[in-house]
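For the numbers below, each heavy atom of this structure counts, side chains included, while hydrogens, waters and symmetry mates do not.
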Amino acid sequence: MATATALHHHLHVQKWRPVSSSSSSDFFGFSLVPNSTNNHSSGANACERRRVISCESNNEDIDDGKLQQKSKSMTIGLDDVNPVGLGRKSRQIFDEVWRKFSGLGQISRTNDESLDTVFIREGGPMCEFTIPGAQNTTVLVIGATSRIGRIVVRKLMLRGYSVKALVRKADQEVIDMLPRSVEIVIGDVGDPSTLKDAIQGCNKIIYCATARSTITGDLIRVDHQGVYNITKAFQDYNNKLAQLRAGKSSKSKLLLAKFKSEESLEGWEVRQGTYFQDVVAAKYDGGMDAKFEFTETGNAVFEGYVFTRGGYVELSKKLTLPLGSTLDRYEGLVLSVGGNGRSFILILEAGPSADTSQSKMYFARMTTKVGFCRVRVPFSSFRPVKPDDPPLDPFLIHTLTIRFEPRRQRAPEASSGVKQDLRSFKLIMEYIKALPTGPETDFVLVSCTGSGIETSRREQVLKAKKAGEDSLRRSGLGYTIVRPGPLQEEPGGQRALIFDQGNRISQGISCADVADICVKALHDSSARNKSFDVCYEYMAEQGKELYELVAHLPDKANNYLTPALSALEKNT
């Protein structure tokens, strides 16, 4: 059964007491200005709208007799429920309390200049929202005026981040959508020359932009090329900073091999062999051959055939790393290759360089596509050839081998119905690089699952989104790709969430919950290099369950993301 995680949002029940009506609102150190269009305050006068609300200790109860009475009447004993039902019933107790709080105050612009700015008291951001390192982090939000982006901006500010917003035009309507403390930068993700100023000084990026139409040109410009342009500009900026420090960016890929001339093929050795050494293998020896050469068209091509039963051909080289570089600071390999869509086996030899007889061998399968593609192979996917050998230690890697064998080959998807001989292969090689590792996410991308999109335009939207996701994965940046279900305009934090991989969810989710996930992912190591779908908790039909319900008890900071993402696969 596929496993995903349902998480329980947590509410700290606290006591609220009105203070003087002449001062600005104060909530955990922030001044809150109720929106004049909010339904909760539409009938109140100006003094009531500016009523101060302060928060006391977490250990006190809500000063509302009716609410206490209702909470007592809904009290549930642990003996009366099973573990799965406990989470749902406990949330019902807090739902009405949360709804009362959700409309009390909103950070927004007003016509009163004296109430326009959100003040942060001395000592930093609100105590309940403090994130270590936030005050030293600048986040660039792409699509800051979108449904999710507007909420992301405010959540970042509440947690003490410096925020830059990239917008296409800074007219009055756009300016009114964003708090005054946000730095607005004019630019277009489809025009790389306009992105340098936006990237300047940024440490992390949240990409919430989406095409405003389903015209193919718009989809490619925003959802595909836009992501590529931003990642490239971010990497260029990091490399520039590293050069100023007389070093190399920690986010840069390490070049292991680049095939651009005849000389670049030196050191690579073509070998062949068989898995079986018996009479039967000799009887079915149909021959095999392979070559690695630099063609007149300027391509390094490894091609050949294997007709022998149990035979294989391979291309191998002893790696030479730049002085001071070791592969333990990287998390995997990325290969830019082309060809006819065959699968290959990557083999890494690791051990003492002075005594290769002590080396261990590790393998992972690599699948290519017809035409050019970039293949990402994390070191964690390599398995020892001998089961008793220890896991791969990237620090000890000294040799890389690319092996082709006929077994387990499948016809490529773009084969156009023409029958192919899967015993022959062609691999055009552009480069091999090592992907940098790191503790946190550098780039959060909001994509989509396709649910809720009209059938007539779903395919072209998903194609552009997928191309943008692939651009981000290949960039070498630490990434988190969030694919929410259909977006809903409602308060966040009121319902449990399902995190899944496999494009199986169909339920919606609030924009506020998606924004909260994006912000939490910035400093969560479990979110790095992961792609996942997310939606509201729901009950599947009997016999068709898509997930197992796992209840997590949130801590004081309500850190539900770490346990949710820890169970999901990386580099997906």
Side-chain angles (χ1 to χ4, degrees), residues 1-11 83-88 90-91 131 147-148 151-152 155 206-208 378 380 439-441 443-452 462 465-466 469 472-473 478-488 490-541 544-555 557-572:
M1 181 185 298
T3 304
T5 310
L7 305 168
H8 299 274
H9 289 276
H10 178 61
L11 172 67
V84 173
L86 177 60
R88 296 193 186 96
S90 62
R91 286 195 303 278
I131 294 180
R147 298 164 68 187
I148 296 175
I151 306 175
V152 166
K155 284 182 175 290
I206 299 180
Y207 196 102
C208 309
S380 59
E440 297 177 347
T441 288
F443 196 117
V444 178
L445 173 64
V446 179
S447 186
C448 72
T449 62
S451 299
L462 290 179
K465 293 285 188 182
K466 186 176 184 299
E469 293 179 10
L472 176 56
R473 293 190 188 96
Y479 66 85
T480 299
I481 299 175
V482 184
R483 303 192 193 102
L487 297 176
Q488 300 178 9
E490 58 186 42
Q494 298 195 35
R495 297 173 60 179
L497 303 176
I498 297 296
F499 291 79
D500 192 19
Q501 290 175 324
N503 197 26
R504 294 172 292 191
I505 68 172
S506 59
Q507 302 299 304
I509 183 174
S510 75
C511 296
D513 280 326
V514 178
D516 193 63
I517 292 170
C518 292
V519 174
K520 279 185 165 60
L522 292 177
H523 292 290
D524 195 322
S525 59
S526 65
R528 182 181 169 91
N529 292 349
K530 288 187 179 178
S531 309
F532 54 87
D533 309 332
V534 61
C535 71
Y536 282 143
E537 172 192 7
Y538 64 97
M539 292 296 297
E541 298 179 18
K544 297 182 180 180
E545 293 84 356
L546 295 180
Y547 63 91
E548 297 175 359
L549 183 62
V550 181
H552 295 271
L553 298 177
D555 56 23
N558 195 18
N559 186 15
Y560 58 85
L561 199 62
T562 299
L565 300 186
S566 297
L568 303 183
E569 294 184 10
K570 297 186 68 174
N571 298 289
T572 52

Euclidean distance, [Y] [atom2] relative to [X] [atom1], rounded to 0.5 Å:
X	Y	atom1	atom2	result
Y560	D524	OH	CG	10.5 Å
D513	L497	CG	CG	5.0 Å
I498	Y536	CD1	OH	12.5 Å

Who passes side chain to side chain donor-acceptor pair (under 3.5 Å) against Q488, sequence neighbours left out?
-> none
Contact summary for [X] and [Y], nearest pair of heavy atoms:
X	Y	result
G492	A512	N-CB, 3.6 Å
T449	G485	OG1-CA, 4.0 Å
G478	N529	CA-OD1, 3.5 Å

Spell out, as yes or no, whether a donor-acceptor pair under 3.5 Å connects the side chain of [X] to the backbone of [Y].
X	Y	result
K155	V519	no
T480	T441	no
S451	I505	yes

Taking side-chain contact (heavy atoms from CB on, under 4.5 Å) as the test, write out the residues that go with [X], two or more places apart.
X	value
L487	R147, I148, P484, I509, C511, V514
E440	K204, H523
S566	S526, T562

May I ask you to test the [X]-[Y] pair for a side-chain heavy-atom distance under 4.5 Å?
X	Y	result
C208	V444	no
R473	S531	yes
Y479	L445	no
F499	V482	no

Indicate the ring-plane relationship of Y207 and F443, choosing parallel, tilted or perpendicular according to the 30° and 60° boundaries.
-> parallel
With respect to R483, which candidate in E469, Q501, K465 satisfies the side chain to side chain contact (heavy atoms under 4.5 Å, CB included) definition?
-> E469
With the threshold set at 4.0 Å, does a side-chain nitrogen-carboxylate oxygen contact exist between R504 and D533?
-> no
